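Worth knowing before you read on, the calculation uses all heavy atoms, side chains too, and leaves out hydrogens, waters and symmetry mates. In this text the structure is predicted, and so the values were computed from the model without any measurement.
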Amino acid sequence: MLGVDGFLTRVQLVNSAERTVDLQYYIFHTDETGKLLTEAVLRAADRGVRVRVLIDDGETMAGDEQLAAIDSHPDIEVRIFNPFAYRGHVTFLRALEFMINHGRLDYRMHNKLMVVDNALALIGGRNVANEYFQVDPQSQFADDDVFSVGPIGKALSHMFEDYWNCANAIPVRALDDGMTSDEALAEYRKTLVEHHKELQAEGVDYAARIATGEPLAGMLSGKLPLTWAHAELVSDSPDKRHVDKGERVGRLMRRPVAKAVAAVQSELLMVTPYFIPGEEGMPLFAELRKRNVRVRILTNSLQSSTVLPAQAGYMPYRLPLLEKGVEIYEVRSRPDTARGSGQTPQTREYGNYSLHAKLFVLDRQRLFVGSMNFDPRSMHLNTEIGVIMDSPDLAQQAAARFEAMVSPPNSYALKLAPSDAGGSSQLIWHSQRDGTVIDYTTEPARNGWQRFKVNFLSLLPLESEL
């Protein structure tokens, strides 16, 4: 679905709630979309719906602490996963605490989940912020959601309960800095009203689009038909770091995902914004290629990347993967077409476009969608969640979007070319602009400074943190 449809569906789900709303996110910014979703949450609570909000504390920004005010509502509770002791937003002080308490604070909850009435759910890679819904022309993250109904809804509810009741989920009142009070809630309600007026003054009428009920109404009525398929929930235990070390029994979602990937017989399509195969991934790709499985990967280019350390960690793997026959595509920061990108034609001409979806198509028969990147951080340092669906229909739909995004107008296809001296291979970035084929021998970047920074970062021993 388009990025804005992901936002509309979330608000409409909350508006339709009758009993419960559970929200679990790595990032929940109080920008335009965050405030509109918060407003819907307050309306739901005002009519007696029980609301629980669980948010990680790793990427909070100044202003996000305002969300704590809604905890004062009798039907809303907010908890923070693995919080910093310092509650301000001075970067130096947060970084200092992180260094001092690295062993604890390096462990983050990367899950993204919404469950309504223990029955309807959205799961995928999207956080709550303007860029993830592609409504901010200057910065857009292409992402995916799975709208789920049926038995999987109860499984997702049980998984949320595990996290809600774990030792790392700290009630926001225990971190109270004056934001959780009746006065703070009343003041925040005024802020939300003023926000509505500002949007209307700017000619942005999200309220009208939300009121149409679409796309949720279409999905529930059958006008936008759902695909019925067996779905397996895969997730990490809330205490993953102890499970990973063998200190406790629990779930590690990388195991069922790796098993599903290893079982591929003919073709693997992988979309991952941060791609660092590491010691675990390289043998997996080597084995697939040994069996003549076609492996095609879409990830961020340096030009589109918003996380340069992750890009630096990915760069050394390109040549060895290409030499094994793995096909690699890097999305451009401004695709030439909107097809498959999640963009609207109006936003395609602006800002920076970047991948954020985490999606694998297995033999065009099965599909994984979730929050897990293919990198060491997702494997070992973050908790993650996803679903594996046995659905040729959904797999074919995802494959069609993949084909659109790896087309020359939208991405760089990495190729190998012999060096002038006849030595080791060199990289070529093959693409197309305005119908003209272009081969770049220097890595496309926004500017020379970006290229210098990523090359410097590639010299540092950061991989285990990426």
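Judged by distance alone, the side chains of Asn118 and Ser157 do bring a donor and an acceptor atom under 3.5 Å apart. Inspection of the Ser333 and Arg446 side chains reveals no N or O donor paired with an N or O acceptor under 3.5 Å. If you check the side chains of Asn111 and Ser371, you find no donor sitting under 3.5 Å from an acceptor. Counted by atom type alone, Thr33 and Asn130 present one or more donor-acceptor pairs between their side chains at under 3.5 Å. With hydrogens and angles left out, the side-chain atoms of Ser378 and Glu384 include a donor and acceptor closer than 3.5 Å.
Shortest non-hydrogen contact noted between Ile388 and Pro256 is CD1-O, 4.1 Å. In terms of heavy-atom proximity, Met379 sits nearest to Asn373 at CE-O, 4.4 Å. Leu322 approaches Leu414 most closely through the heavy-atom pair CD2-O, 3.7 Å. Heavy atoms only, all atoms of each residue included: Ala404 and Ser407 are closest at O-OG, 2.7 Å. Taking all atoms of both residues into account, the shortest heavy-atom contact from Ser464 to Pro376 is O-CB, 4.3 Å. Of all heavy-atom pairs spanning Ala399 and Val361, the tightest one is N-CG2, 4.2 Å.
Ion pairing of Glu443 with Arg451 is absent here, as no side-chain N (NZ or NE/NH1/NH2) approaches a carboxylate O to less than 4.0 Å. Using a 4.0 Å cut-off between charged side-chain N and carboxylate O, Arg366 and Asp390 make a salt bridge. Ion pairing between Arg10 and Asp145 holds under the 4.0 Å rule for side-chain N and carboxylate O.
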Exercise for review: Starting from the C-alpha separation in whole Å, work towards a yes-or-no answer on side chain to side chain contact (heavy atoms under 4.5 Å, CB included) for Val369 and Ile123.
Suggested key: CA-CA 8 Å; Val369 178; Ile123 181 174; over 6 Å; no
Practice item. Run the numbers on Ser411 and Leu298 for side chain to side chain contact (heavy atoms under 4.5 Å, CB included), then give the verdict. Key: CA-CA 9 Å; Ser411 293; Leu298 175 64; 3.7 Å; yes
Exercise for review: Show your working on side chain to side chain contact (heavy atoms under 4.5 Å, CB included) between Met389 and Val146 and close with a plain yes or no.
Suggested key: CA-CA 10 Å; Met389 294 159 282; Val146 176; 3.9 Å; yes
Check your understanding: Can you list the steps and then say if Asp56 with Arg108 is a salt bridge (Lys or Arg N to Asp or Glu O under 4.0 Å)?
Key -> CA-CA 7 Å; Asp56 187 77; Arg108 307 305 338 160; 2.9 Å; yes
Exercise for review: Start with the C-alpha gap between Leu302 and Tyr314, add the side-chain angles, then the distance that decides, and say whether side chain to side chain contact (heavy atoms under 4.5 Å, CB included) holds.
Suggested key: CA-CA 10 Å; Leu302 172 59; Tyr314 149 69; over 6 Å; no
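Formation of a donor-acceptor pair under 3.5 Å by the Thr20 side chain with backbone atoms of Val116 is not found in this model. For Ser221 (side chain) and Lys223 (main-chain N/O), a donor-acceptor pair under 3.5 Å exists by modelled atom type. Looking only at distances, a side-chain donor or acceptor of Arg289 sits under 3.5 Å from a matching main-chain atom of Val293. A donor-acceptor distance shorter than 3.5 angstrom exists from the side chain of Asn300 to the backbone of Leu355, with no hydrogens or angles considered. A donor-acceptor distance shorter than 3.5 angstrom exists from the side chain of Gln265 to the backbone of Ala263, with no hydrogens or angles considered. Under the 3.5 Å distance criterion, the side-chain polar atoms of Thr9 are left unmatched by any main-chain donor or acceptor of Gly6. The backbone N or O of Lys240 sits less than 3.5 Å from a side-chain atom of Tyr107, completing a donor-acceptor pair. At distances below 3.5 Å, not a single donor-acceptor pair connects side-chain atoms of Ser148 with backbone N or O atoms of Gly153. When atom types are taken as modelled, the side chain of Asp64 and the backbone of Thr30 share a donor-acceptor pair closer than 3.5 angstrom. Side chain of Asp363 to main chain of Ser266: a donor-acceptor pair is present (N/O by atom type, distance under 3.5 Å, no hydrogens or angles).
Environment of CZ in Arg209: sparse, with no more than 12 heavy atoms of neighbouring residues, nucleotides or ligands closer than 6.0 Å. Within a 6.0 Å sphere centred on NE2 of His242, heavy atoms belonging to other residues, nucleotides or ligands number more than 12.
Rounded to the nearest 0.5 Å, atoms NE2 (His158) and OG (Ser235) are 12.5 Å apart. Atoms CZ and CG, from Arg126 and Asp144 in turn, are 7.0 Å apart once rounded to the nearest 0.5 Å. Rounding to the nearest 0.5 angstrom, the gap separating the CG atom in Leu36 from the CD1 atom in Ile210 is 5.5 Å. Note that OG1 of Thr299 and CD of Glu330 are 7.0 Å apart. Values are rounded to the nearest 0.5 Å. Taken from CE in Met109 to OG1 in Thr383, the straight-line distance is 6.0 Å, to the nearest 0.5 Å. Leu216 CG to Leu8 CG: the interatomic distance, rounded to the nearest 0.5 Å, is 10.0 Å.
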Please tabulate, for the side chains in residues 268-286, all donor-acceptor contacts under 3.5 angstrom to protein atoms that are two or more places apart in sequence or on a different chain.
unit_1: Thr272; atom_1: OG1; unit_2: Tyr274; atom_2: O; d: 2.9
unit_1: Thr272; atom_1: OG1; unit_2: Phe374; atom_2: N; d: 3.1
unit_1: Glu280; atom_1: OE1; unit_2: His380; atom_2: NE2; d: 3.0

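Contact check for Leu156 versus Ile385: side-chain heavy atoms found under the 4.5 Å cut-off. At a threshold of 4.5 Å between non-hydrogen side-chain atoms, the residues Leu37 and Met114 count as touching. Residues Phe368 and Val234 meet the side-chain proximity criterion, which asks for heavy atoms closer than 4.5 Å. Taking the side chain as every heavy atom from C-beta outward, Tyr329 and Arg296 approach each other to under 4.5 Å. Proximity of Asp439 to Lys415: side-chain heavy atoms (C-beta onward) are nowhere separated by under 4.5 Å. The closest side-chain heavy-atom distance from Val4 to Phe133 is not below 4.5 Å.
Pro444 is linked by a side chain to side chain contact (heavy atoms under 4.5 Å, CB included) to Gln303, Tyr412, Trp429, Tyr440, counting only residues two or more places apart in sequence or in another chain. With sequence neighbours excluded, no residue satisfies side chain to side chain contact (heavy atoms under 4.5 Å, CB included) with Ala119. Not counting sequence neighbours, the partners of Glu18 by the side chain to side chain contact (heavy atoms under 4.5 Å, CB included) test are Asp117. Ile170 meets the side chain to side chain contact (heavy atoms under 4.5 Å, CB included) test with Pro83, Ala174, Leu175; sequence neighbours excluded. Contacts of Arg377 classified as salt bridge (charged side-chain N to carboxylate O under 4.0 Å, His left out), with partners at least two apart in sequence or in another chain: Asp106, Glu465.
Just one residue in the list Gln134, His356, Lys358, Lys112 forms a side-chain hydrogen bond (donor to acceptor under 3.5 Å, both in side chains) with Asp143, and that residue is His356.
Taking the six-membered ring where the residue is Trp, Tyr25 and Phe28 present perpendicular rings, their angle passing 60° and hence far from 30°. Below 30°, between 30° and 60°, or above 60°: for Phe98 and His102 the angle between ring planes is above 60°, a perpendicular geometry.
Phe84 carries Arg94 over the face of its six-membered ring, with the cationic atom under 6.0 Å from the centre and within 45° of the normal.
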